[in-house]
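Everything quoted here is computed from the prediction, not taken from an experiment.
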Amino acid sequence: MKKLFTTLSNIWKIEELRVRILYTLLILLVYRIGSFIVLPGVDPASLDTGEAKEGLLGLLNMFAGGSFSRASIFALGVMPYISASIVIQLLGIAVPYFQKLQKEGESGRKKINQITRYLTIVITALQAIGYVKSQITPDARLIAEPLFSITSMVVLTAGTMFVMWMGEKITDKGIGNGISLLIMVGIIAQLPYGISAEFLSRQNGQGGLIAFFIEFVALFAVVMFTVLIIQGTRKVPVQYAKKIVGNKQYGGVRQYIPLKLNAAGVMPIIFAQAIMFIPSTIGQFFPEAQSSLLTSFSDYTSLAYNLTFAILIILFTFFYTAITINPNQMSDDMKKNGGFVPGVKPGKTTSDYIDGVISKITLPGSIFLAIIAILPSIAIIAGVNSQFAHFFGGTSLLILVAVVLDTLQQVESHLLMRHYDGLMKTGRIKGRNPVGAATTGPAI
């Protein structure tokens with residue numbers, strides 16, 4: 001306990017870090033206040049504000065911190081920006097123009113960011129139209145059409161762009177990871193609802209407080225398992241040639257390329273979840289096409305759903321890892337800087353070696369990721385309330401753990417830079433992308 005208070009005191013003593021933390025908290029407060037401001041022309045009393053949305057809508061509502069179900073001005077959150085970032089990243093693989101921009105350094109990055117913002121506006125406007133038509137019932141609208149749809153689209157688009165701006169400000173002037181931090185706060189905001197709903201259900205005779213305590217122990221074990229998956233790395237040794245210039249020696253040191261066990265992050269789950277949402281969408285638009293197969297795939301606790309979901313996650317993990325990590329580029333960069341893997345010839349042999357290592361660690365990583373993704377369904381089958389079960393795995397838990405680790409790493413770097421003790425007695429906290437690691441896609 002004394003160590004904790006000493007660390008908090010050291011954090012407060014560093015003026016720059018103190019200002020960054022307070023600035024971040026202020027932005028997060030504005031974000032949470034905005035999530036309760038309802039769209040103009042909407043009657044809040046007529047809205048279905050239930051917290052237990054399922055499927056992709058439940059995921060969007062969790063990422064938006066409940067704003068989605070409340071018809072808030074921030075209802076769409078940062079998801080349009082994330083979608084635009086993914087599209088631009090995929091275009092960087094297939095389109096030569098975007099490949100050229102990626103190689104132009106800072107100027108190219110600024111141009112890509114500008115294009116991403118424009119694409120975010122387009123995606124948000126389209127999603128806003130769909131949101132108004134599907135989520136806001138006619139009896140909740142106080143303004144006649146088409147004025148209501150037009151004003152709502154403008155406000156929702158402006159709200160998403162403002163949220164994106166707040167995320168960028170947290171990254172620039174706060175403690176970093178702006179967009180990820182906003183998503184994390186939205187997820188944490190739903191945790192009290194889940195805990196209270198589970199506590200009430202257990203108190204009413206479904207297992208009692210003992211079962212409630214066992215669930216928290218299980219949740220702690222799942223969090224520890226998730227930390228191991230996120231932090232797991234395979235270090236590939238790299239030896240740099242020794243150079244002597246005058247009286248000084250350069251190089252001759254051994255470093256490591258930390259290849260992540262789960263290099264794809266949460267993206268495979270997001271892709272797979274979007275595909276698994278298709279059967280229920282077909283069932284809504286074509287009720288006559290309902291069949292036992294469609295029904296089983298619409299039930300996210302069924303064996304068919306979870307088995308298909310797990311297989312899709314494994315496939316998408318390999319796909320996303322392949323498009324975000326380029327062994328040929330890593331091999332070329334090592335060769336240019338006079339580096340080589342001990343016992344492996346430079347060039348194509350090194351590239352093949354790195355590719356083989358990635359393939360070997362991606363398989364167990366993808367299987368573990370699939371297990372984490374289906375844990376909420378297993379928890380629901382075991383009798384856990386659906387609101388609380390979302391925190392037993394899936395995208396929400398992965399984002400929570402990853403963002404917390406990254407944020408702690410940012411704080412620890414400020415402490416160590418000023419010769420204070422770190423947050424841990426032994427070792428350092430490692431985020432998702434350690435120094436020297438390859439960039440592996442969006443930071444979510």
Minimum heavy-atom separation for S302 to N306, with atom names? O-ND2, 2.8 Å
Interatomic distance, CD1@I188 vs CZ@R32, rounded to 0.5 Å, equals 10.5 Å
From CG (L312) to OG1 (T317), nearest 0.5 Å: 10.5 Å
Does a side-chain heavy-atom distance below 4.5 Å link I121 with M161? yes
So, do I378 and I374 sit near enough that their side-chain heavy atoms are less than 4.5 Å apart? yes
Heavy-atom distance under 4.5 Å between the side chains of R234 and L261, does that happen here? no
Contact between I269 and F309 at the side-chain level, heavy atoms closer than 4.5 Å - yes or no? yes
For I210, does the CD1 atom have more than 12 heavy-atom neighbours from other residues, nucleotides or ligands under 6.0 Å away? no
S351/Q329 under side-chain contact (heavy atoms from CB on, under 4.5 Å): CA gap, chis, key distance, verdict: CA-CA 8 Å; S351 174; Q329 183 179 353; over 6 Å; no
Going by heavy atoms in the side chains, are I170 and L28 under 4.5 Å from each other? yes
Could you walk me through whether L397 and F391 pass side-chain contact (heavy atoms from CB on, under 4.5 Å), step by step? CA-CA 6 Å; L397 183 62; F391 294 94; 5.8 Å; no
Give a yes or no on this: more than 12 heavy atoms of other residues, nucleotides or ligands lie within 6.0 Å of atom CD of E145. yes
Decide if atom CZ of F225 counts as having more than 12 heavy atoms of other residues, nucleotides or ligands within a radius under 6.0 Å. yes
Q410 and N177: side-chain contact (heavy atoms from CB on, under 4.5 Å), yes or no, with the steps? CA-CA 9 Å; Q410 295 278 351; N177 303 313; 4.2 Å; yes
I'd like to know whether F216 forms a ring pair (Phe, Tyr, Trp, His ring centres under 6.0 Å) with F220, so could you lay out the CA-CA distance, the side-chain angles of the two residues, the decisive distance to 0.1 Å, and finally the verdict. CA-CA 6 Å; F216 267 93; F220 178 78; over 10 Å; no
Please find the pair of heavy atoms, one from V38 and one from P44, that lie closest to each other, and give the distance. CG2-CG, 4.0 Å
Is the shortest side-chain heavy-atom distance between V42 and L142 below 4.5 Å? no
What pair of heavy atoms forms the shortest contact from G383 to E198, and how long is it? O-OE2, 4.4 Å
Can you tell me how far the CG atom of D43 sits from the CD1 atom of I143, to the nearest 0.5 Å? 12.0 Å
Let's go through Y81 and T124 carefully: what are the C-alpha distance in whole Å and the side-chain angles of both, what is the deciding distance for side-chain contact (heavy atoms from CB on, under 4.5 Å) to 0.1 Å, and is it a yes or a no? CA-CA 8 Å; Y81 173 72; T124 307; over 6 Å; no
Drop me the distance from L259's CG to M330's CE, to the nearest 0.5 angstrom. 5.0 Å
Can you tell me if T151 uses its side chain to pair, donor with acceptor, with the backbone of F148 under 3.5 Å? yes
Return each pair, listed once, that meets side-chain hydrogen bond (donor to acceptor under 3.5 Å, both in side chains) where at least one residue sits in residues 160-176; pairs must be two or more places apart or across chains. R117-E168
Report the relative orientation of the aromatic rings in F392 and F388; use parallel for angles under 30°, tilted for 30 to 60°, perpendicular for over 60°. perpendicular
Check whether any side-chain heavy atom of V155 lies under 4.5 Å from a side-chain heavy atom of P40, and answer yes or no. yes
Closest approach of L22 to W12 (non-hydrogen atoms, all atoms of both residues): CD1-CH2, 4.1 Å
Could you tell me whether F36 atom CZ has more than 12 heavy atoms of other residues or ligands within 6.0 Å of it? yes
Among side-chain atoms of S201 and N385, is any donor-acceptor pair under 3.5 angstrom? no
Does G41 offer a backbone N or O that forms a donor-acceptor pair with the side chain of R141 under 3.5 Å? no
Taking F74's backbone N and O only, do any of them form a donor-acceptor pair with S72's side chain (distance below 3.5 Å, no angle check)? yes
If you compare all heavy atoms of K260 against all heavy atoms of I230, which two are closest, and at what distance to 0.1 Å? NZ-O, 3.0 Å
Passing option when I311 is tested against I313, L315, T308 for side-chain contact (heavy atoms from CB on, under 4.5 Å): L315
Side-chain touch M184/L181, heavy atoms, less than 4.5 angstrom: yes
Separation between OG of S152 and CD1 of I73, rounded to the nearest 0.5 Å: 12.0 Å
side-chain hydrogen bond (donor to acceptor under 3.5 Å, both in side chains) involving T407 - partner list, sequence neighbours excluded: none
Over 60° means perpendicular and under 30° means parallel, so classify the ring planes of Y131 and F68, tilted if in between. perpendicular
Under 3.5 Å, is there a donor-acceptor pair between the side chain of S196 and the main chain of P192? yes
Distance-minimising heavy-atom pair for T116 and A84: O-CB, 3.8 Å
Euclidean distance, I183 CD1 relative to I82 CD1, rounded to 0.5 Å: 3.5 Å
